[in-house]
Amino acid sequence: MTKNNKVKDNNIEIATFYVEDTLMGIDIQHIQEINRHLDTTTIPGASEFVHGVINLRGEVVTVLDLHNILGLNTTEITKQSRVVIVKTNEELVGLWVDRIADVVNVKSEEIEGAPANISGVDSHFFEGVFKMESELLVILDIDKIMDVNSEAAIV
Amino acid sequence: MINKNDELVASYIEEANETLADFENDILIIEEAGANIDIELVNKVFRGIHSMKGSAGFLGLVSIGSLAHEAENVLNLIRNNELVPTSKVADALLRAADCLRGMTNNIDTSNDVDVTEFVNLLQVATTEESTPEVRESLNRDVDIALPTGGLAFVMIKEMELVMWQKQGFDIYVVSIDFFTDIHDKNLTPIDFYKRTNQHGNVVSSYMSTAGIGELDSELPDSMNFVMLFASMLAPADLAQAIGVPESQVSHIATSMQTNWEPSGPKEPSGSVESETQTSAPVEACPVEAIIPASQPVSPKPKNNKPDTVIPTSSTPASTNLRVNVKVLDRLMNLAGELVLGRNQLLQEASDNSSLGMESVANRIDQVTSELQDAIMQTRMQAIGTVFNKFPRIVRDLSSQLGKECELTIDGKDVEMDKTIIEAIGDPLTHLIRNSVDHGIEDPATRKQRRKSPSGTIKLKAYHQAGKVNISISDDGGGIDGEKLKEKALERGIITSDQAADMTHREAVKLIFHPGFSMAKVVSDVSGRGVGMDVVRTNIEEIGGTVEVDTEVGVGTTIVVKLPLTLAIMPSLVLRCGQDRFAIPQVNISELVRIKASNVATTIEKIKNIEVLRLRGKLLPLVRLSNALGITSQFYDRKIDDLEDNQRAQIADRRSGQEPVQAVADLRSGQDRRENTVAGALNIIVVESGHFHYGLIVDELFDNKEIVVKPLGKHLKDCVCLAGATILGDGMVALILDVAGIASHLNLIMPDTEQALEDKARADSQDSETQSTLVFANDPEEFFGVPVEFISRIERIRASQIDSVGGQDVLQYRGSSLPLLHLADHARCKPEPEAAVYNVIVFKISGKEIGLVASNLVDISELPVHIDTVTFRQTGIIGSTIQNEKAIRLIDVFELTEAAHPEWFTQRETTESKENKSNVILFAEDSSFFRQQVTNFLQSEGYEVVACEDGQIAWDTLQDPEHQFGLVVTDIEMPNMDGLELARNIKSDPMFAHLPVIAVTSLAGQDDIEKGMKIGIDDYQVKLDRDMLLAAIAKHLKAARLKSGVLTNSEKHQIRN
Amino acid sequence: MSEHVGIQDKNIELNPDGKITAANADEFRQELLELVESGILQITINLNNVDMIDSKGLAVFIVCHKTLAAKGGSLTVISDNEELCNLFHLMRFDEHFAVVKSE
């Protein structure tokens, strides 16, 4: 009955995607679903990191612009753009990403601490990195991203 | 350590909190009733605590269990009339409830809580208040014997049995063989448990181990289980329900039943036997309780109420079901989705118009609507859940403050959306606390005031006009407006001028001012800096309003008006830029559409704020596109698409004469082009609290019932938005927060608001002020012009001014407008050289003329008590003081006459003084208007007798020295108003022939109709000189025609 | 039929699965008897993998408790099944041996 029973080993499944040209990922446990880029309603007066809101089966879900949060250049919405719907304690939040990649199995001990700066992005929002064969996978700290409101206030 | 599953604990917590919420209230009622107990109520409380104890025991919540147990004991005593619920007992119970609540809400640590103190309190209260016999009976044990010999149960607390009986349960001894009764019927013990659990409660039980060996012997083929069972079922039903032969069910007809009142069902003795005889051979006879030899005298019931016999043949069917709110929310969302699907389906069906399809669609349409309604219903909750905590608050607070308060509650059943119920708790608590703390006086003061020492607070919820009103009234000291003013002055919230002007009502409203706490002494209870402003904000946030009505020494009533539901709001959908938005109908007072050609005449600019003159009042305007920082777009009929609207400043677009037009209905499609063409303005006049302004939007769509969805945490800072909704096409539209928009634009709102308030005050206090445009050509010199004289204001470049023959003119739309410079005619400083000037345009004798002004300062309400000496000169009537500045009032007629005497000589000839009976009686209480109107009437050649009110006018009329040809009267006047004067005139045969023209500063349709009925011949606006003169001429002529006396020129006209 | 989770001193935790019914109750009894005879006095039976217990199965607990109690040992039953726990409570089994939830 305890929660840990189900965890057989320390494998973590990471859903990966590209933001601009950087491969990033989120623990799949945090993800509810991934959608095509839906019609977004922009929010006048909202912070720059808010891309807009979408209608997710009757719920109004805020979509954050990962580009902006991570300090990357905002790109165009393309056919490959996706919205990753992340479950948080309070609500569902969408993350706008440029392209979806594979689900990667990672052992927790293989995740390394993030260097201070990757591809010019502040590591504040990173949980760690995982070295894949051809490239580096940046694992995002979903709590910090969700807290971007207060983060911005502190900085 | 709590190791049961979370769901169970969560449901326990929910249930316990519910029990405790009612508990307080009920205890207070029980306390109030004293010895005269309401057995139903006590039973209810008892059951609540009992089941709490049970659950706690089950979940291993030891501390909660033991405290609940103790509380249960006390309640039981009360129930049995063995303990009078004195305030000491009630206190102990309430404190126990507090402790229970605390533990329940911190369930993980609840077992670490030491409840000894509360247990002791309960015990002390009990022992002090109850008799020794009672104490003894509490602990008495009884044995229950089987008639076949041998004891079925020993050492059963008598109290426990009685307790069940009091609740309407019967006590049975049931024996079950796990093999013959369960195993052989292909049932499992779990099945048995389920059945048993549904039909009653196990008081005690045991498994008879006789015949059961140990591990080394064969497993038994018979296991006899005996339980002492409390059930509401009749014996036969119980036997069937549990699945045993009736013979194995024995009803205990205890002798105790005859001693305690009231009791459960009274089985006729022997009923069990008779029943068993018919159904099965008698194996077991009814058991009976063996009462200890030393049976004490049972206390007599203390009340003489008739016994309440609770029907017990079946358990009442439960009509309520506990549902998780999240499930309901989800249902709501799904219903919303269904509505969308339905809408698309309807669209498709009408497009394809297959008959079968259409009827299916209609059916789904209907079902969907009903489903949505029903789901909405699930969110409704009785306001009682909030009200129930107030008796406790009032009780505790008043005793803490040494006051006596009685709280009456009405309308607990009124239902509202759960969200509102949740949101209203805190504001109401604050209001109730205020009533006790500041409203109700202490008993001594009350006595002095000849009031009963105990104050009354009435809390009432009721439906009114589609809203729920909650009123909180107390018969306390009331709110002293004067004291509020003093305090507000002290704190610099208002100026002394403002204070002097304030009415009682306005002063009372000061309590809503931020940071204004009314407490004379900062008490423990309030005066913590947050106050009524927070209450008001909270209430307004959920779409409500709050009003105060108070009288010093008599009491205060606060009325909170709330919408029934937040989840669905009728709203207006509109477009601004490319996006659609919604505004709740509650915030909208009207829609105004201004045609492009009228924009110039109806929209003015004061200090960079656009204002709309709407029925004589100034309404600040806000462009939604500016407020939201988006680009406004209009509908271009040529290219049938949206175009960016570059012309942001309407003040630059001028022309036309047509009046403001109210938009009644914008549903039809063809209206769209009409109301979105470039230049036309759609203004939504919105209202929220003290904000009142016009919102300029690009396009108006339909009114829709929208489902309100919250915005996520990342959007909490968007003050202009109140939420979001999903439109028929699945897109999200944002809901605008009109108060938020107003405060977002804070920088520009207050000034105009002040102007509006001034105006409002002026309206409420009649015409003692005149709304006046104030301008300055020099920082030291201020001038005012009554706004009625102004036809519009132009902003021009200096280069547009030409000089033609010594006369400045403005080249303007193909014609030229003569300009006036004040300094040319009056003693004042000339306007300084500038690139841009304002030109105030007047229309005099059918001609337009412009007065050049440097800076427009404000439009304000100036007192009409004017000083006609200090600054009196040509073109200046006099001066008045505002904010320590002298403002010189311009007489535009005189000024124009000074500049263009030729405009006036013409009139002189047509309106010659041919007839001596051209004497006008003029009644007007305002000296300013009296003088202005008298002046221009005299300058037209009329003889005028001016009177200060209707009474004087009436007296003057009857004075035979005067012969009048016509009466001009103000409406609002002291002593005798214009209507009465007119009535007197028209009903007196001597004067009935006299034409009466009423003049007002504002001609409202209502007034006009009222006046016309009385016989007033015409209505005119006071300062519209041309119209008034024309009306006077017309009516004099008509009167003369009637009497046959015509002027020469008139005769001439008729002949032609 | 049951998986021995571990034996420490004189304790043992049994983790039976499936059903404890007339079909196998006697086998289970024999198993318990052997354990007791081997000197084990503290027996914990984890019922979380058991999906059905009939009257015969129930009897096993009674006899097991009786046996252990007589020898100064004790029986502990682990179950997270609410209904089963409630049944044990209704029968007051929990007054004789420990009925607990798993951690």
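Since the model is a prediction, treat every value here as computed from it, not as a measurement. So that the names make sense, note that chain A is the first sequence line, chain B the second, and so on, each numbered from 1.
Of the listed residues B:N201, B:L187, B:I212, the one with more heavy-atom pairs under 4.5 angstrom with chain C than any other is B:I212. Among B:I182, B:T188, B:L219, the residue with the largest count of heavy-atom pairs under 4.5 Å with chain C is B:L219. Among the candidates C:A59, C:A22, C:A70, the residue making the largest number of heavy-atom pairs closer than 4.5 Å to chain B is C:A59.
The residues C:E34 and C:R29 are annotated as not salt-bridged, no charged nitrogen and carboxylate oxygen being separated by less than 4.0 angstrom. Salt-bridge formation is detected for the pair C:K56/B:D221: a Lys NZ or Arg NE/NH1/NH2 atom is positioned less than 4.0 Å from an Asp or Glu carboxylate oxygen. At a threshold of 4.0 Å, the pair B:K53-B:E72 counts as salt-bridged, since one of the basic side-chain nitrogens sits closer than that to a carboxylate oxygen.
Taking the six-membered ring wherever Trp is involved, the centroid distance between the rings of B:F178 and B:F192 falls below 6.0 Å.
Heavy atoms closer than 4.5 Å to chain B are found in the side chain of C:I62, but not in its backbone. For B:T196, the part sitting under 4.5 Å from any heavy atom of chain C is the side chain, from C-beta outward, and nothing else.
Using a 30° and 60° split on the angle between ring planes, C:F88 and C:F97 fall in the perpendicular class, above 60°.
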